[in-house]
Amino acid sequence: MREENGCEWRAGEVEKEKTRRVRLKPINRQQMVLRPMDVERLVPEDHEVRAVWEFVGRLDLRQYYEEVDAVEGEAGRSAFDPRLMISLWIYAYSKGIGSGREISRLCEYDPAYQWLTGLESVNYHTLSDFRVTHKEALDELFAEVLGLLSAEGLISLERVMHDGSKVKACASGDTFRREERIRVHLELAREQVEAMGDPRAAEEVGPRVVKARQRAAREKQERLELALREMEKIRATKPSKAAKQEVRVSITDPEARVMKQSDGGYGPSYNVQISTDAKEKVIVGVGVSQCGSDYEELVSAEERVEEVMGSAPEQMVTDGGFVSRENILAMKQKGVDFIGPMGVSVAQSRGQLNRRGVDPTFYPEAFHYDAVCDAYRCPAGKSLRSDGEEKRPGRTNYKYRASAADCLKCPFKEKCCPQNEAMGRTIVRGVDDPVVVAHKEKMETEEAKQIYRQRGAVAEFPNAWLKEKIGLCRFRLRGLIKVGMEVLWACLAYNIQQWIRLCWRPQWAQV
Ligand code: SF4
């Protein structure tokens with residue numbers, strides 16, 4: 001009976017399904033709509049794009065305005081307001097966008113960009129050119145921003161944390177070539193530039209395409225010529241003839257250098273140096289270098305901060321990569337309190353001894369120094385007498401040597417100085433400059449250790465922000481000057497974000 005009822009129910013439902021038709025909202029893409037738009041209300045009152053516009057409006061942009069060609073009363077198109085172009089780039093960078101094409105696209109539909117431009121389209125060529133054609137004005141802009149942040153009390157210069165970070169260049173590892181290959185490429189590029197002058201080419205593809213091709217060929221030729229000049233610079237740093245011949249340079253970005261990355265790999269990169277004020281983590285100094293090591297960057301980093309802020313930082317804190325005896329002396333001379341752990345010179349000297357085949361039981365600790373006689377006594381009881389000194393910045397190395405006669409007949413020779421064939425074993429006694437000794441003692445104090453512990457949180461924060469949020473893991477531009485400008489734009493965006501977070505946003509929290 002139930003079975004029969006069930007069959008009746010299903011039969012009813014099937015019948016109902018046959019007659020039921022769902023009703024959905026239609027999608028009409030053929031209609032034309034005319035909607036009123038209040039541009040001012042495209043973004044809310046507390047939208048950060050308004051903060052960027054407000055902040056840029058407070059800056060002195062005279063240098064930018066002086067470079068505008070369009071003037072009232074003369075023919076030609078009006079120029080875009082530099083305040084708008086700067087705001088567009090700053091806002092775009094803060095959202096992780098570093099491409100002129102992408103900004104130009106966003107100006108067509110994104111409310112924040114539409115609000116900034118007042119619904120005006122901006123050509124990507126105009127945006128891209130603006131980013132790289134005002135180097136001095138951009139430097140001035142960075143100083144202006146720091147002046148405003150300083151006036152807001154966000155910078156004290158009491159403690160500046162400095163750090164370096166390798167950022168990949170816009171070139172791959174397989175673009176590196178030796179001189180012969182570069183010369184071949186250069187010859188081809190020159191021939192191409194000459195062939196571009198042929199008027200028949202313009203008839204085939206049109207004058208605009210020819211102009212673009214001419215520019216591309218000319219730029220390629222210039223890049224290859226630059227590659228040869230960079231090759232000479234690198235060769236000048238190489239000690240041997242064989243090493244000089246091995247030098248290779250990227251033909252895509254000749255100014256990039258192969259550097260070790262944080263992930264352990266090697267690749268064409270630039271070394272980005274950032275100084276951060278510890279008070280509110282504002283970036284107070286930016287530099288880009290071609291040098292893979294940080295040792296040589298500290299003094300110039302301090303000078304950049306001094307130049308842009310008008311006074312030197314009271315204290316600079318770095319990791320061990322910046323600490324050398326030269327830097328300790330230089331900071332002392334500049335009156336800057338320098339905090340940073342000494343490097344690993346002991347480990348390095350052990351590496352040298354290891355390479356020379358010296359047994360660990362015959363390392364310098366096994367030799368006894370007699371200050372009265374100014375001589376060492378070796379494990380075999382022989383004397384190593386003074387053999388000259390070498391002065392280096394922050395340290396004097398005193399050399400002591402055993403007599404060749406003693407060593408050559410010594411039963412320990414194979415362990416002590418296996419590679420010495422005609423000379424006795426040497427020991428070097430290094431004596432640090434008092435300034436270096438004082439630095440080492442300072443770094444042993446709890447106060448210095450406690451300051452150093454704060455370094456990571458302050459110095460690495462902007463680096464992480466630039467890489468993670470702005471996406472500055474790889475440069476979009478090429479060449480030392482242009483990548484320097486790219487970093488500067490990113491740092492401007494970072495600093496203005498700090499102002500928005502600390503000064504602008506709190507006023508909306510109170511409303
Ligand atoms: S090799 Fe020379 S320095 Fe070394 S233990 Fe013998 S005598 Fe001394």
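Counting begins at 1 with the first residue of the sequence.
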What pairs meet the salt bridge (Lys or Arg N to Asp or Glu O under 4.0 Å) rule with one or both residues in [range], with sequence neighbours excluded?
{"range": "residues 273-291", "value": "none"}
{"range": "residues 128-139", "value": "K135-D139"}
{"range": "residues 472-486", "value": "none"}
{"range": "residues 85-99", "value": "E48-K95"}

(request) Give the intermediate values and the outcome of ring pair (Phe, Tyr, Trp, His ring centres under 6.0 Å) for residues W499 and F55. (result) CA-CA 9 Å; W499 173 79; F55 189 92; 4.8 Å; yes
[X]/[Y] ion pair, N-O < 4.0 Å:
{"X": "E447", "Y": "K449", "result": "no"}
{"X": "R395", "Y": "E326", "result": "no"}
{"X": "D337", "Y": "K442", "result": "yes"}
{"X": "R325", "Y": "D432", "result": "yes"}

(request) Give me the ring orientation class for W489 and W89: parallel if the planes are under 30° apart, tilted from 30 to 60°, perpendicular past 60°. (result)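 Taking W89 first and then W489, their aromatic rings sit tilted (interplane angle of 30° to 60°).
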(message) Show every ring-ring contact (aromatic ring centres under 6.0 Å, His included) that has at least one partner inside residues 148-194, sequence neighbours left out.
(response)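 ring-ring contact (aromatic ring centres under 6.0 Å, His included) check on residues 148-194 returns H162-F322.
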Do you know the tightest heavy-atom contact between [X] and [Y]?
{"X": "E302", "Y": "A312", "value": "OE2-CB, 3.4 Å"}
{"X": "F367", "Y": "C378", "value": "CE2-CB, 3.4 Å"}
{"X": "V305", "Y": "G285", "value": "CG2-CA, 4.2 Å"}
{"X": "Y452", "Y": "V317", "value": "CD1-CG1, 4.1 Å"}

(message) Tell me whether K334 at atom NZ has more than 12 heavy atoms from other residues, nucleotides or ligands lying less than 6.0 Å away.
(response)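 Above 12, so yes.
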(message) If you count heavy atoms of other groups shown closer than 6.0 angstrom to NZ of K260, is the number above 12?
(response) no
(request) Tell me, please, which residues at least two apart from S300 pass side chain to side chain donor-acceptor pair (under 3.5 Å). (result)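 For S300 there are no side chain to side chain donor-acceptor pair (under 3.5 Å) partners, ignoring immediate neighbours.
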(message) With side chain to side chain donor-acceptor pair (under 3.5 Å) as the criterion, how do Q63 and E67 come out once you've worked through the C-alpha distance, each side chain's angles and the decisive distance to 0.1 Å?
(response) CA-CA 7 Å; Q63 249 183 297; E67 291 178 36; 5.2 Å; no
Just list the side-chain donor-acceptor pairs under 3.5 Å for residues 165-172, sequence neighbours left out, or say none.
| residue | atom | partner | partner atom | Å |
| --- | --- | --- | --- | --- |
| S165 | OG | K467 | NZ | 2.8 |
| K166 | NZ | G292 | O | 3.3 |
| S172 | OG | D174 | OD1 | 2.5 |

(request) Identify, with sequence neighbours excluded, every residue that meets side-chain contact (heavy atoms from CB on, under 4.5 Å) alongside A330. (result)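 Only V299 meet the side-chain contact (heavy atoms from CB on, under 4.5 Å) criterion with A330.
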(message) Can you list everything that forms a side-chain contact (heavy atoms from CB on, under 4.5 Å) with V286? Sequence neighbours excluded, please.
(response)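 With sequence neighbours excluded, V286 shows a side-chain contact (heavy atoms from CB on, under 4.5 Å) to F142, I283, V487, L488, C491, given in chain and number order.
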Quiz question: by atom type and distance under 3.5 Å, do the side chains of [X] and [Y] form a donor-acceptor pair?
{"X": "E389", "Y": "T396", "value": "no"}
{"X": "E225", "Y": "Q221", "value": "yes"}
{"X": "R213", "Y": "Q192", "value": "no"}
{"X": "D163", "Y": "Q273", "value": "no"}
{"X": "R159", "Y": "Q315", "value": "yes"}

(request) State yes or no: are the ring centers of Y494 and Y93 separated by less than 6.0 Å? (result) no
(message) Between H368 and Y376 (judged by ring centroids, cut-off 6.0 Å), do the two rings come close enough to count as a pair?
(response)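 Judged by ring-centre distance (under 6.0 Å), H368 and Y376 do not meet the cut-off.
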(message) For residues 420-431, which residue pairs pass the side-chain hydrogen bond (donor to acceptor under 3.5 Å, both in side chains) check, not counting sequence neighbours?
(response) Y369-R429, Y400-R429
(message) Filter on side-chain hydrogen bond (donor to acceptor under 3.5 Å, both in side chains), then keep only pairs touching residues 226-245, sequence neighbours left out; what's left?
(response) E179-R235, E230-K233, E230-R257, E230-Q290, E232-R235
(request) For F412, enumerate each residue passing the ring pair (Phe, Tyr, Trp, His ring centres under 6.0 Å) test, keeping only those at least two apart in sequence or located in another chain. (result) F362
